Amino acid sequence: MVLDWEKREMTKEIRVTQYTVSDIMALFNQDKLFVNRRYQRKLIWLESEKKLLIDSMLQDIPLPAIFLVESDVPYFDSNEVKNAYEIIDGLQRLNAIVAFMLGEFPIEFDGFKGYYDPMANSETFIRLQDGKLQPKSPLLPRDFCQKFARKQLSAIIAGKDEETVNLIFSRINDTGHKVSSQDLRQAKSIGPFPDLVRHIASDVRMDNTFTDHISLAEMPQISIGPKSKGYGVNIDDVFWRRHDLINSHDIRESSDEQLIEDLAATLLLGEQYTRSKRSLDQLYDSNTMYGRKIIEAIDALGTQTIEQRFKETFDTFDTIFASVNSDFSDYIFNGLRKVKNKDECFRIVFTALYHLIEAGYTLDLANANIVADCLKKNANLFDEIILKDQVDFKHCMLVSEQLQQILRQHFTRQSTLVENVLVSEITKRLCYSSIESQMTEFKIGISDFGTGRLNPEVIHKIAKTLVAMSNNTNAREHGLLVLGIADNREQYDAWKACYSQSAEVVNQHYVPGVTAEAKCMRGSFDNYYHFFLNELAKEPISGKLKEYVVDTCQQLLFHGHDLIVLDAAYQGEISYYNDEKYVRQGNSTIKVSNGAESTPSPMTF
């Protein structure tokens with residue numbers, strides 16, 4: 001069931017209390033801890049920083065208070081209410097404590113070395129019994145772990161209204177541990193421009209969510225870290241790292257959001273905007289000149305239009321360099337990774353592409369490599385920028401306009417696009433984060449790329465996923481499984497190595513379509529489509545669901561590429577694959593045993 005945070009009732013008091021580590025684990029197990037992404041957008045601590053916090057607690061070193069807002073939150077379409085706590089300040093500390101208790105990392109202290117013993121605390125023991133936690137070795141002594149579970153943290157519990165919450169958050173960060181300038185700027189501001197920047201930055205980082213409130217348990221799935229430990233975003237897959245534009249540390253410090261803020265102001269205000277820290281601060285204050293002007297610009301265009309243009313520009317940028325199997329830094333600067341003012345060069349290219357898209361131009365995939373070569377041949381335009389310590393921003397704007405004129409000949413005017421409902425739906429789902437992909441699955445094809453022959457295991461997995469999606473009785477949308485879109489870069493690289501073709505990038509997903517595979521396997525798309533349906537019909541899926549899936553299967557032309565789209569919906573009864581029940585857990589498909597979710601690792605594909 002989904003919580004309706006818009007209708008929450010905050011507690012009217014402000015109090016300071018003490019929580020034991022065991023208390024925190026109890027709130028975590030009861031799913032009462034939520035992250036308000038206006039204030040705390042991602043997990044940024046490295047494992048070394050988490051270990052340092054645990055060490056500080058073991059040495060009884062005083063820690064700053066965590067800041068929570070207590071609210072009663074109703075569920076959508078229900079009279080039930082949940083008592084919940086929004087984490088306004090202290091996300092990194094709370095996550096570090098929970099991660100240690102759940103065995104994410106070992107520690108060394110006072111001659112002991114090992115992982116937390118889940119048998120030492122009732123809350124971790126519950127997870128152990130439920131199959132949600134696997135003990136690791138070596139374990140720390142049980143009495144040592146029990147003592148840690150009794151450690152206390154100070155907490156400020158507040159509510160009243162948003163103004164009070166903002167004031168307390170501001171005072172904490174003005175006098176305590178400093179968050180980055182951009183994080184503080186974002187957290188202290190409410191309005192269309194802060195929201196625009198946050199949404200665009202999240203889209204680019206691939207951690208966007210459709211609600212600002214995410215449970216603490218789900219945060220790793222939309223944060224940067226190793227997949228082996230449940231994190232959903234690989235830092236090397238993020239746009240800024242793929243093109244070597246912002247380093248990992250600066251992404252954690254939200255430098256990407258500051259760059260987006262500056263880009264948005266440049267594109268929306270033009271020559272009215274002069275870049276400086278003071279200007280960046282004023283853009284987030286509606287009482288200043290810049291604050292008023294940026295709101296006027298957003299109102300004139302509409303938030304949705306601006307966000308869509310940014311998405312199309314980022315996708316066009318990716319498509320250009322993917323067409324030559326390279327990235328911005330390598331291709332433009334001949335492999336030199338350390339180039340002075342490289343971010344300014346990126347701004348110039350991005351601005352040129354944005355204005356072309358704004359003027360109604362689009363890049364045909366066949367011309368992407370031509371544009372890449374054109375950028376490389378005109379890289380001398382950047383010489384004055386990369387050789388000087390001081391950047392002349394007016395000169396940068398002139399270079400961008402010049403580059404726009406050079407590139408325009410390789411772009412074509414868009415005809416009016418009338419999207420059908422399914423095209424719009426797939427476009428929307430391509431923006432989903434991993435925690436929102438429960439009812440969405442993308443697959444690039446059904447063959448072994450090496451042999452060009454059908455891979456029966458892929459068909460089995462598709463069938464199980466459709467069964468799992470159909471068993472979600474509380475889903476607010478149908479399940480969609482789409483053939484012809486790569487779920488990750490590795491899939492696309494394997495496909496490209498086999499078929500030697502490029503793909504268009506849509507919302508940072510590679511979309512090659514199934515035409516190349518269809519011609520290789522069955523000679524034509526129509527033959528391939530009917531062959532696929534026949535193979536799927538052979539699968540041991542419950543009859544009612546199988547009939548529904550086959551009847552509703554569609555061929556779809558998406559951005560010029562042929563896709564196959566399968567629909568999965570609850571059939572009024574539980575569906576089975578080979579008499580076994582499957583369900584979706586996040587973006588994974590798992591088998592259910594005796595009415596409970598099985599404990600082996602999820603089957604991801």
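Keep in mind it's a predicted model, so treat the numbers as computed, not measured.
- Here the side chains of F558 and I426 are in contact, with some heavy-atom distance below 4.5 Å.
- Residues E425 and R429 are paired through a salt bridge, judged by an N-O separation under 4.0 Å between the basic side chain and the carboxylate.
- When side chains are defined from C-beta on, F317 counts as touching F346, because their heavy atoms get closer than 4.5 Å.
- Residues F193 and T303 have side chains not in contact (no heavy-atom distance under 4.5 Å, counting atoms from C-beta outward).
- In summary, E104 and K50 engage in a salt bridge, as defined by a charged side-chain N under 4.0 Å from a carboxylate O.
- A distance-only check finds no donor-acceptor pair linking the side chain of N369 to the backbone of V324 [under 3.5 Å].
- Here Y492 and H509 keep their ring centres 6.0 angstrom or further from each other.
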Residue pair R8, E86: steps toward the salt bridge (charged side-chain N to carboxylate O under 4.0 Å, His left out) verdict: CA-CA 11 Å; R8 71 188 185 279; E86 298 173 68; 2.9 Å; yes

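- Of all heavy-atom pairs between Q508 and V204, the closest is NE2-O, 2.7 Å.
- For the pair N95 (side chain) and L216 (backbone), a donor-acceptor distance under 3.5 Å is absent.
- Under a 3.5 Å cut-off, the side chain of T313 and the backbone N or O of R309 do form a donor-acceptor pair.
- Side chain to side chain, R292 and S286 fail the donor-acceptor criterion of an N or O pair below 3.5 Å.
- Side chain of R241 to backbone of I246: a donor-acceptor contact under 3.5 angstrom is found.
- Taking 4.5 Å as the limit, every side-chain heavy atom of S255 sits out of range of all side-chain heavy atoms of H249.
- For F239 and F314, the distance between ring centers is under 6.0 angstrom.
- The closest side-chain heavy-atom distance from N367 to D364 is below 4.5 Å.
- Distance check, rounded to the nearest 0.5 Å: CD of Q438 to OH of Y432 gives 11.5 Å.
- Counting non-hydrogen atoms of neighbouring residues, nucleotides and ligands closer than 6.0 angstrom, the CD atom of E49 exceeds 12 such neighbours.
- With hydrogens and angles disregarded, a donor-acceptor distance shorter than 3.5 Å links the side chain of T288 to the backbone of G291.
- Between Y510 and A322, the shortest heavy-atom contact is CE2-CB, 4.0 Å.
- No side-chain donor-acceptor contact under 3.5 Å links Q405 and E401.
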Step-by-step side chain to side chain contact (heavy atoms under 4.5 Å, CB included) determination, L43 to I224: CA-CA 7 Å; L43 300 175; I224 294 167; over 6 Å; no

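- Atoms CD1 and CD1, from I24 and I66 in turn, are 5.0 Å apart once rounded to the nearest 0.5 Å.
- We find the CG-CZ distance between L563 and F442 to be 9.5 Å, quoted to the nearest 0.5 Å.
- Classification of D55 and K51 as a salt-bridged pair fails, no side-chain N sitting under 4.0 Å from a carboxylate O.
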Criterion side chain to side chain contact (heavy atoms under 4.5 Å, CB included) on I306 and L196, from CA distance to verdict: CA-CA 8 Å; I306 299 167; L196 175 71; 4.0 Å; yes

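- Neither side chain, K496 nor Q501, offers a donor N or O lying under 3.5 Å from an acceptor on the other.
- In this structure, R93 and W45 approach most closely via the heavy-atom pair CG-CH2, 3.8 Å.
- A salt bridge links D256 and R205; the closest N-O separation between the charged side-chain nitrogens and carboxylate oxygens is under 4.0 Å.
- Taking a 6.0 Å sphere around NZ of K7, one finds it holds 12 or fewer heavy atoms contributed by other residues, nucleotides or ligands.
- Proximity of a side-chain donor or acceptor of T11 to a complementary backbone N or O of S71 within less than 3.5 Å is not detected.
- Between the side chains of K32 and S215, no donor-acceptor pair is found at a separation under 3.5 Å.
- A heavy-atom distance below 4.5 Å is found between the side chains of I485 and L430.
- Ion pairing between a basic and an acidic side chain is recognised when a charged N comes within 4.0 Å of a carboxylate O; E344 and R347 show such pairing.
- Residues L381 and I406 have side chains in contact (heavy-atom distance under 4.5 Å, counting atoms from C-beta outward).
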Evaluation steps, side chain to side chain contact (heavy atoms under 4.5 Å, CB included), between L280 and Q258: CA-CA 8 Å; L280 291 171; Q258 184 165 304; 3.9 Å; yes

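- Side chains of T440 and S437: no donor on one and acceptor on the other come within 3.5 Å.
- There is no side-chain donor-acceptor pair under 3.5 Å between N36 and D212.
- For the residue pair D285 and Y290, no side-chain donor N or O sits within less than 3.5 Å of a side-chain acceptor on the partner.
- Between F333 and F328, the ring center distance clears the sub-6.0 Å criterion.
- D207 and K42 are not joined by a salt bridge, as no carboxylate oxygen comes within less than 4.0 angstrom of a charged side-chain nitrogen.
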Pair D281-K277, salt bridge (charged side-chain N to carboxylate O under 4.0 Å, His left out): steps then yes or no: CA-CA 6 Å; D281 290 338; K277 183 182 183 302; 3.1 Å; yes

Verdict with supporting geometry, F310 and F350, ring pair (Phe, Tyr, Trp, His ring centres under 6.0 Å): CA-CA 9 Å; F310 264 86; F350 188 93; 5.6 Å; yes

Intermediate values then yes/no, side chain to side chain donor-acceptor pair (under 3.5 Å), Y331 and N325: CA-CA 9 Å; Y331 199 70; N325 297 318; over 6 Å; no

Side chain to side chain contact (heavy atoms under 4.5 Å, CB included) between N378 and L407, worked out: CA-CA 10 Å; N378 288 278; L407 298 180; over 6 Å; no

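- With hydrogens and angles ignored, the 3.5 Å screen pairs a side-chain donor or acceptor of T316 with a backbone N or O of E312.
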Test salt bridge (charged side-chain N to carboxylate O under 4.0 Å, His left out) applied to R198 and D195, step by step: CA-CA 5 Å; R198 184 159 51 92; D195 286 345; 2.8 Å; yes

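- N247 places a side-chain N or O within 3.5 Å of a backbone atom of D250 that can act as its donor or acceptor partner.
- Side-chain contact of K376 with N334: a donor-acceptor pair under 3.5 Å is present, judged by distance alone.
- Ion pairing between R489 and D493 holds under the 4.0 Å rule for side-chain N and carboxylate O.
- Outside the 6.0 Å centre-distance limit, the rings of F34 and Y85 are not counted as a close aromatic pair.
- Nearest heavy atom pair, residue Q92 against residue I44, reads OE1-N, 3.0 Å.
- Taking each heavy atom of S400 and A352 in turn, the nearest pair found is OG-N, 3.3 Å.
- In the displayed structure, R15 atom CZ is contacted under 6.0 Å by more than 12 heavy atoms of other residues, nucleotides or ligands.
- For the pair K342 and D244, the tightest heavy-atom approach, listed with the atom from each and the gap, is NZ-O, 2.9 Å.
- Panel note: side chain S202, backbone N208; no donor-acceptor pair is recorded below 3.5 Å.
- Taking the side chain as every heavy atom from C-beta outward, D330 and H243 never approach each other to under 4.5 Å.
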